[in-house]
Amino acid sequence: NMNIKNKLNLVELASEMAETMLENVTEQNGYKESDIIEYLDVDEFGCYTDEAQDLFNKYYDEIYEFLEKQGFKHKE
């Protein structure tokens, strides 16, 4: 019988979930990846547009708060 602890890296999980939400919202509302990601330099990784970053931050905060309310503890 496994004794699974309720500890996990909330920062990592909330980031992954926020990213997934942003991708889904983008896709399901008929936007393209290029609408939320801008490439400032050919060799660089893309970064979110300001609007997309604001949405990501909002989702992240809401998800992190939700996970804490579910009793999850952050584990480094």
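Both backbone and side-chain heavy atoms feed into the values below; hydrogens, waters and symmetry mates do not. Computed from a prediction, not measured in an experiment: that's the story for all the values here.
- No more than 12 heavy atoms of other residues, nucleotides or ligands sit less than 6.0 Å from atom CD of Glu27.
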* Asked: How far apart are the C-alpha atoms of His74 and Tyr64, what are their side-chain angles, what is the distance that settles it, and do they pass the side-chain contact (heavy atoms from CB on, under 4.5 Å) test?
  -> CA-CA 10 Å; His74 179 62; Tyr64 196 103; 3.7 Å; yes
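- Once rounded to the nearest 0.5 Å, the distance linking CD of Glu33 with OG1 of Thr26 reads 8.5 Å.
- Considering only heavy atoms from C-beta on, Lys73 stays 4.5 Å or farther from Leu8 through its side chain.
- Side-chain contact between Thr49 and Glu38 is present, with at least one heavy-atom pair separated by less than 4.5 Å.
- Residue Glu51 places its CD atom among 12 or fewer non-hydrogen atoms of other residues, nucleotides or ligands, all under 6.0 Å distant.
- The side-chain heavy atoms of Lys75 and Asn9, taken from C-beta on, include no pair separated by under 4.5 Å.
- To the nearest 0.5 Å, atom OG1 of residue Thr20 and atom CD of residue Glu23 are 5.5 Å apart.
- How far CD1 of Ile63 is from CE of Met21: 5.0 Å, rounded to the nearest 0.5 Å.
- Under the side chain to side chain contact (heavy atoms under 4.5 Å, CB included) rule, Phe56 has a single partner from Leu22, Asp61, Ile36, which is Leu22.
- In this structure, Glu68 places its CD atom where more than 12 heavy-atom neighbours from other residues, nucleotides or ligands lie under 6.0 Å away.
- By the 4.5 Å heavy-atom criterion applied to side chains, Tyr48 and Glu19 are counted as neighbours.
- The OH atom of Tyr59 lies 9.5 Å from the CG atom of Asn24; values are rounded to the nearest 0.5 Å.
- Side-chain atoms of Tyr31 and Val25, non-hydrogen and from C-beta on, never get closer than 4.5 Å to each other.
- Counted within 6.0 Å of CG on Asp50, heavy atoms from surrounding residues, nucleotides or ligands total 12 or fewer; the atom is thus considered open.
- Between Phe72 and Leu13, every side-chain heavy-atom pair lies at or beyond the 4.5 Å cut-off.
- Side-chain atoms of Asp54 and Lys58, non-hydrogen and from C-beta on, never get closer than 4.5 Å to each other.
- What you find for Tyr39 and Gly46 is that their closest heavy atoms are CE2-N, 3.2 Å.
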